[in-house]
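What follows is a single structure, written as structure tokens, with notes after it.
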Amino acid sequence: MAGPPQRHDLTQGPIGKTLLLFALPTLGSNILQSLNGSINSIWVGRFLGEQALAATSNANIIMFLMFSAVFGFGMAATILIGQSMGRRDVEAARRAFGSAIGLVMGGAVVIAILGWLFAPQILHLLATPGEAQAMALAYLRVIFLGLPFSMLGVLIQMSLRGTGDSITPLWFMLLSVIIDAGLNPLLIEGIGPFPRMGIAGSATATLIAGIVSSLGLLFYVYLRDLPIRLRGAELRYLVPEGALVRTIVAKGLPMGAQMLVMSTAGLTMIGLVNRLGVDTAAAYAVSQQLWTYIQMPAMAIGVAVSSMAAQNIGAGKWERVGAITRSGLVFNTVITLVVIGAIILFDRPVMALFVGADSPAIPIARHIQLLASWTFVMFGATMVLFSTVRANGATVPPLVILAITLFPIRFGFAFFGQRWFGSDALWLSFPIGSAFSLLFAGLYYRHGRWRTQILEVPPEPATVEEETLATTEPAGRLQPNC
């Protein structure tokens, strides 16, 4: 017989220790996910060549857009779950989880079917090189088939973090990486009993990993009777409730849009960098690889801050919310500085892994690192502040701040500053844009109205009706005279 739902209480205990213990498994998950992508790219590049690598790159752009939307809806559900758990309202947490699953999975199935059917047209819109189109089509269609399972896994992992559990997602991310990276060469080359599938084998490995890890995670949730499991009459929560969907969409779309704004900014910067020649473009590509790992601690701490703040806001412990934010800022600064320092000290051998020790791109990449890497300290601090205010449903102001500081400010300086600073204007635009982001985020955190918002799972329609009837006189009843 199942015991009571397990609960990871983030509203009690030492704040710094709890935050760090929550963030580290999330950081581990992020590192594993990035390593998985890198390993798969190595397999594809080694076995199938540059055209196949270009094909996977084009397909992955589309998948990133899909996951941007899921990230937003998943974060909205995570916040609702976190606040509900802080209020000790497990039923509301399950309702938020059910509506999120029903909304996203329904959309994922439709997108998977349409994506499979219209994959050739999608690749044409992306101007995929002709020599890579056939491989990109084979890869993309298999990836679309696995989309619902991938979405399911992401949503369950994010929801578990909302309940305060960051360990379980780490183990199942590890399982997914082992299966994906292990099956890639076997299915690409047809090693042993496996069929030779070429680039479709790489996508099939990802598909199998997604199915096994997602269904395994779902089974584990029921086996351990974790708070988000749905049983019996609770399965009706999988039919999205109108009020809940409106809340999830209203809060989720701005967070998904933030991902799109950041990716658009990345593509715009690449356009500016490409004008500076092949060596500079290669140097910037190497720098981006290093920055992926530099920003991971900030992203993990941001997730931890958001989950902790949501539970404490739900519990009404506002004094802990401020302490959580301060701890997040301290941890972000210390850990990010250590990572940046280590990369700058050992940058040459690390960069040589990507372009060769004698590449003319290495001195340029080292110069870029010295000017721009420090921006991630400010970036991380901004993410912590954004994570806190988002924990109470303030999702539009962070989007507006990000859009303003990335485009008018960062790209304004990068474009017009070249007359004074030359190509260094591009690299200096990173810390300048991040400094303004941190300034505006700090001002909103201190003086914005995000604390006065009320974010909670709305009552079920049946509950509302029952409460209304309970407070209304029965029809035909005469009121006594006073």
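- Heavy-atom minimum distance, Asn392 versus Trp450: ND2-O, 2.8 Å.
- Residues forming a side chain to side chain donor-acceptor pair (under 3.5 Å) with Gln12 (at least two apart in sequence, or on another chain): Asp9.
- Applying the ring-ring contact (aromatic ring centres under 6.0 Å, His included) test to Trp374 and every residue at least two apart in sequence or in another chain returns nothing.
- Side-chain contact between Glu234 and Glu91: present, with at least one pair of heavy atoms (C-beta onward) separated by less than 4.5 Å.
- Under the 3.5 Å distance criterion, the side-chain polar atoms of Arg231 are matched with a main-chain donor or acceptor of Tyr222.
- Here the side chain of Arg449 pairs no donor or acceptor atom with the backbone of Tyr444 at under 3.5 angstrom.
- One distance of note links CD1 of Ile368 with OG of Ser287; it measures 4.0 Å at 0.5 Å rounding.
- In this structure, the side chains of Tyr237 and Ile101 stay at 4.5 Å or more apart for every pair of heavy atoms.
- Distance check: Met173 CE to Ile178 CD1 gives 12.0 Å after rounding to the nearest 0.5 Å.
- A donor and an acceptor atom, one from each side chain of Ser306 and Ser387, are nowhere located under 3.5 Å apart.
- In terms of heavy atoms, Asn36 sits closest to Ala181 at OD1-N, 3.8 Å.
- Side-chain atoms of Ile301 and Met383, non-hydrogen and from C-beta on, never get closer than 4.5 Å to each other.
- Checking Thr292 against Ser34 by side-chain atom types alone, no donor-acceptor pair falls below 3.5 Å.
- Using a 4.5 Å heavy-atom threshold, the side chains of Val249 and Leu103 count as touching.
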Does the side chain to side chain contact (heavy atoms under 4.5 Å, CB included) test come out yes or no for Tyr445 and Arg451, once each step is laid out? CA-CA 9 Å; Tyr445 175 80; Arg451 293 177 180 83; 3.9 Å; yes
Tell me, with the steps shown, if Asn332 and Met378 meet side chain to side chain contact (heavy atoms under 4.5 Å, CB included). CA-CA 9 Å; Asn332 164 74; Met378 294 180 285; over 6 Å; no
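- Contact between Val389 and Pro398 at its shortest, heavy atoms only, is CG2-CG, 4.0 Å.
- In this structure, Ser176 contributes its side chain and Phe172 its backbone to no donor-acceptor pair below 3.5 Å.
- Side-chain contact between Leu215 and Phe219: absent, with no pair of heavy atoms (C-beta onward) separated by less than 4.5 Å.
- For Phe331, there are no ring-ring contact (aromatic ring centres under 6.0 Å, His included) partners two or more places apart in sequence or in a different chain.
- Counting heavy atoms from C-beta outward, Arg236 and Glu241 have side chains that stay 4.5 Å or more apart.
- A cation-pi arrangement is not found for Arg410 relative to Phe436, the charged atom failing to lie both closer than 6.0 Å to the ring centre and inside a 45° cone about the ring normal.
- Contact between Ala96 and Ala77 at its shortest, heavy atoms only, is O-CB, 4.5 Å.
- Residues Phe379 and Phe430 fail the side-chain proximity criterion, which asks for heavy atoms closer than 4.5 Å.
- Surrounding CE of Met259 are more than 12 heavy atoms belonging to other residues, nucleotides or ligands, all under 6.0 Å away.
- Summarising the geometry, atom OG1 belonging to Thr247 is positioned 11.5 Å from atom CD1 belonging to Ile79; distances are rounded to the nearest 0.5 Å.
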Candidate pair Arg320 and Gln311, rule side chain to side chain donor-acceptor pair (under 3.5 Å), full reasoning: CA-CA 10 Å; Arg320 284 178 61 89; Gln311 282 202 18; over 6 Å; no
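- Taken from CG in Leu290 to CD in Gln295, the straight-line distance is 11.5 Å, to the nearest 0.5 Å.
- In summary, the side chains of Asn312 and Thr11 do not present any donor paired with an acceptor at a separation below 3.5 Å, with no hydrogens or angles considered.
- Nearest heavy-atom pair across Thr336 and Pro297 is OG1-CB, 4.4 Å.
- The pair Asp225-Arg229 meets the salt-bridge criterion, since a charged nitrogen lies less than 4.0 angstrom from a carboxylate oxygen.
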Is there a side chain to side chain contact (heavy atoms under 4.5 Å, CB included) between Leu35 and Val177 once you walk through the steps? CA-CA 8 Å; Leu35 285 175; Val177 169; 5.9 Å; no
Between Val339 and Phe376, does the side chain to side chain contact (heavy atoms under 4.5 Å, CB included) criterion hold? Intermediate values first, please. CA-CA 10 Å; Val339 175; Phe376 289 99; over 6 Å; no
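- In this structure, CG on Leu174 lies 10.0 Å from CD1 on Ile179, to the nearest 0.5 angstrom.
- Between the CH2 atom of Trp291 and the OG1 atom of Thr375 there is a distance of 8.5 Å, given to the nearest 0.5 Å.
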Taking distance alone, no hydrogens or angles, what donor-acceptor pairs closer than 3.5 Å link side-chain atoms of residues 140-160 to residues at least two apart or in another chain?
{"from": "Arg141", "atom 1": "NE", "to": "Trp116", "atom 2": "O", "distance (Å)": "2.8"}
{"from": "Arg141", "atom 1": "NH2", "to": "Trp116", "atom 2": "O", "distance (Å)": "3.3"}
{"from": "Ser150", "atom 1": "OG", "to": "Gly146", "atom 2": "O", "distance (Å)": "3.2"}
{"from": "Ser159", "atom 1": "OG", "to": "Leu155", "atom 2": "O", "distance (Å)": "2.8"}

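- No side-chain heavy atom of Trp171 sits less than 4.5 Å from a side-chain heavy atom of Leu175.
- For Ser214, the side chain to side chain donor-acceptor pair (under 3.5 Å) criterion is met by no residue, not counting sequence neighbours.
- Of all heavy-atom pairs spanning Tyr139 and Ser202, the tightest one is CE1-OG, 3.8 Å.
- Legend: residues meeting ring-ring contact (aromatic ring centres under 6.0 Å, His included) with Phe415, ordered by chain and number and at least two apart, are absent.
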